[in-house]
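Data first, discussion second: the structure below is written as structure tokens.
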There are 2 protein chains.
Amino acid sequence: MAVTDTNSWTGIREELLRRIHDRVWEPGAQIPHEADLAEEFGCARTTVNRALRDLAESGLVIRKRRAGTRVALNPPQRATLTIPIIREEVEALGKTYRHSLLERAYQPVPPMLHGVFHASLGEDVLYLKTLHFADERPYAFEERHINLDTVPQARERKFEVSSANEWLVHNAPYSRGDLSFSALNADEDTARILDCTPGTALFTMERITWTGDAPITHVKLIFAAGYRMRSTI
Amino acid sequence: MAVTDTNSWTGIREELLRRIHDRVWEPGAQIPHEADLAEEFGCARTTVNRALRDLAESGLVIRKRRAGTRVALNPPQRATLTIPIIREEVEALGKTYRHSLLERAYQPVPPMLHGVFHASLGEDVLYLKTLHFADERPYAFEERHINLDTVPQARERKFEVSSANEWLVHNAPYSRGDLSFSALNADEDTARILDCTPGTALFTMERITWTGDAPITHVKLIFAAGYRMRSTI
DNA sequence: AAAGATAATATGCATGCACATATTAACGTG
DNA sequence: CACGTTAATATGTGCATGCATATTATCTTT
């Protein structure tokens, strides 16, 4: 019994998954060795290994070298969420993308960012206000600060043709970033810009990216009403 | 030159990564075949394959069967976000967690879920309304549907002591899930439950989890005003 | 020349084997 | 008996090979 349809590693993964799900192997319990499973399924150990590795990557089982493989007690719920470039996101919806630069200024570091941009307190940052459109309807409103200490080449960029986001992605690769998501009631200005009524709940994403210890940029994106961010586990 | 320290697949991945980063292979450009790379690095094709597969998983290269491998034009920005069990999230804030079951009923599949729960259209689902507290203040409001076809053991559970979330995590491991996040204006009911004024922008998370093709549960979590979901890249 | 059949090709995957490495269990010695 | 050494073991990884499969290019046939 327990013969999988195919001997593909995905087939074996499904069968292992079934056993975990059906509590043939309870949470915390040790599961048979790769070699035993390989024999049972009539396949090579490599194939079982691939299936188990995949389950381990998704956090369902814990593997240790000599200790064997056991079913995770608290399978972590991790989701990888892809933050697309807005232009691509819009174009993926089959709509036409356009953006418009509302404001471009050199400013001292705003108080809100003193904590993170402290490295360049004396220096000005490049401040950009951009509105992204999908089929000529407002899609997202972007406020951005660029650290000119870290990315001095940005000082000369107009950011009228290609958006700051795309330029930075290609020219200032970051090593890490902090993200936060929240809901926001539209104030008068935002409502006007995003073409909604004041008070509308808007999905907001804030992001600060760094290269090493140096902050590159801070972005606040306020999406038009009805936006949903999607992801899969 | 270009000899990696080791012939490990991670070493090769690092070298490929460097070439992409240093624009030896420009975005959109095709990179050599596995066989050629294997020869260059003096290793087996399997090893190159493993490195390339890993890069493809993280979205840096795009692979197609006969078309070959090319550097992604716009490397997607991925963030891993950990979705904690609410109790743990609250306790991590140093607050006391409590939840209260507001409603528990057997219902036909609601129209909203016909698309996803179609496998059990005739069958009832278990519907739960739960309010989560942090230090006796409302933290999140949860509406949940549990597919009794997939998780029949849930029919007998009261979910008064341990929350449905925790019970499901331990008893019905899922293989995949769809997540979506949005902002929502509080209606009269929600405002009353979450102790805010109607119209307040609330952060909302919706999740459907599956085991194979069978849907396990659908959850809608509406967080109290001011909630921020955080993550790092 | 357009459409359909066929060949070529790059990745995807399975196998059997060997060795590396981390970890635990067993062993010995003071 | 405590503690350090050694052996056993399960996973991790690499290799050579062969076949599967998707996709593109080419070669027919009408």
Side-chain angles (χ1 to χ4, degrees), chain A residues 2-17 19-20 24-73 75-76, chain B residues 2-17 19-20 24-73 75 175:
Chain A
V3 175
T4 46
D5 332 1
T6 72
N7 272 2
S8 67
W9 70 271
T10 47
I12 287 170
R13 184 189 53 190
E14 291 320 304
E15 171 59 17
L16 300 177
L17 207 60
R19 294 190 191 178
I20 292 171
V24 178
W25 298 323
E26 306 223 338
Q30 193 145 6
I31 76 180
H33 318 154
E34 292 185 349
D36 288 357
L37 289 170
E39 195 184 359
E40 187 197 342
F41 291 121
C43 68
R45 187 169 76 89
T46 320
T47 312
V48 174
N49 183 288
R50 180 88 193 260
L52 283 171
R53 234 181 27 219
D54 194 77
L55 290 177
E57 254 171 46
S58 67
L60 252 90
V61 301
I62 313 284
R63 317 195 74 198
K64 272 200 271 184
R65 283 243 164 154
R66 139 94 209 207
T69 306
R70 40 184 70 240
V71 181
L73 272 172
Chain B
V3 175
T4 46
D5 332 2
T6 71
N7 272 2
S8 67
W9 68 272
T10 48
I12 288 169
R13 183 189 55 189
E14 290 322 302
E15 171 59 18
L16 300 177
L17 207 60
R19 293 188 192 181
I20 292 169
V24 178
W25 298 322
E26 306 225 336
Q30 193 145 6
I31 76 180
H33 317 153
E34 291 186 351
D36 288 357
L37 290 169
E39 195 183 359
E40 186 197 344
F41 291 120
C43 69
R45 188 168 77 85
T46 321
T47 312
V48 174
N49 182 288
R50 180 89 192 262
L52 282 172
R53 233 180 29 217
D54 194 77
L55 290 176
E57 256 170 43
S58 67
L60 253 93
V61 300
I62 314 284
R63 318 194 73 196
K64 272 199 271 184
R65 282 249 161 145
R66 137 97 207 208
T69 306
R70 41 184 71 241
V71 180
L73 272 172
S175 49

*With sequence neighbours excluded, what pairs up with B/Glu57 under the side-chain hydrogen bond (donor to acceptor under 3.5 Å, both in side chains) test?*
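Partners of B/Glu57 under the side-chain hydrogen bond (donor to acceptor under 3.5 Å, both in side chains) test: none.
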For [X] and [Y], work out which heavy atoms get closest and say how close.
{"X": "B/Ala72", "Y": "B/Gly59", "value": "CB-O, 3.5 Å"}
{"X": "B/Leu52", "Y": "B/Val61", "value": "O-CG2, 4.0 Å"}
{"X": "B/Ala51", "Y": "B/Trp9", "value": "CB-O, 3.5 Å"}
{"X": "B/Ile12", "Y": "B/Cys43", "value": "CD1-SG, 3.5 Å"}

Interatomic distance, [X] [atom1] vs [N] [atom2] [rounded to whole Å]:
{"X": "B/Arg70", "N": "C/dA10", "atom1": "CZ", "atom2": "P", "answer": "13 Å"}
{"X": "A/Gln30", "N": "C/dT24", "atom1": "CD", "atom2": "P", "answer": "11 Å"}
{"X": "A/Arg66", "N": "C/dT21", "atom1": "CZ", "atom2": "C1'", "answer": "13 Å"}
{"X": "A/Lys64", "N": "C/dT23", "atom1": "NZ", "atom2": "P", "answer": "7 Å"}

Measure the spacing between [atom1] of [X] and [atom2] of [Y] and express it to the nearest 0.5 Å.
{"X": "B/Ile31", "Y": "B/Ile20", "atom1": "CD1", "atom2": "CD1", "value": "6.0 Å"}
{"X": "B/Thr69", "Y": "B/Leu16", "atom1": "OG1", "atom2": "CG", "value": "9.5 Å"}
{"X": "A/Leu55", "Y": "A/Arg50", "atom1": "CG", "atom2": "CZ", "value": "12.0 Å"}

*Tell me which of B/Arg53 and B/His33 sits closer to the 5' end of DNA chain C, going by the nucleotide each one is nearest to.*
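Comparing both residues, the 5'-ward one is B/His33.
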_Which residue lies more 5' along DNA chain D, comparing A/Glu34 with B/Ala67 via nearest heavy atoms_ = A/Glu34
_Sequence neighbours excluded - salt bridge (charged side-chain N to carboxylate O under 4.0 Å, His left out) pairs with any residue from residues 59-73 of chain A_ = A/Glu34-A/Arg63
Do any N or O atoms of the protein come closer than 3.5 Å to N or O atoms of nucleotides 26-28 of chain C, and which pairs are they?
none

*asked:* C/dG12, OP1 or OP2 - any side-chain N/O from B/Arg63 closer than 4.0 Å?
replied: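 True: B/Arg63 side-chain N/O within range (under 4.0 Å) of C/dG12 OP1/OP2.
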_Distance test, side-chain N/O of A/Arg50 to OP1/OP2 of C/dC13, below 4.0 Å_ = yes
Below 3.5 Å is the cut-off: list the nitrogen or oxygen pairs between protein and nucleotides 17-20 of chain C, distance only.
none

*Do any N or O atoms from the side chain of A/Gln30 and from the backbone of A/Ala67 form a donor-acceptor pair under 3.5 angstrom?*
yes
*Listed by chain and number, what are the side-chain contact (heavy atoms from CB on, under 4.5 Å) partners of A/Ala44, not counting sequence neighbours?*
A/Thr46, A/Thr47
_I'd like the 5' and 3' limits of the part of DNA chain D contacted by chain B, with heavy-atom contacts below 4.0 Å._
D/dT13 to D/dA25
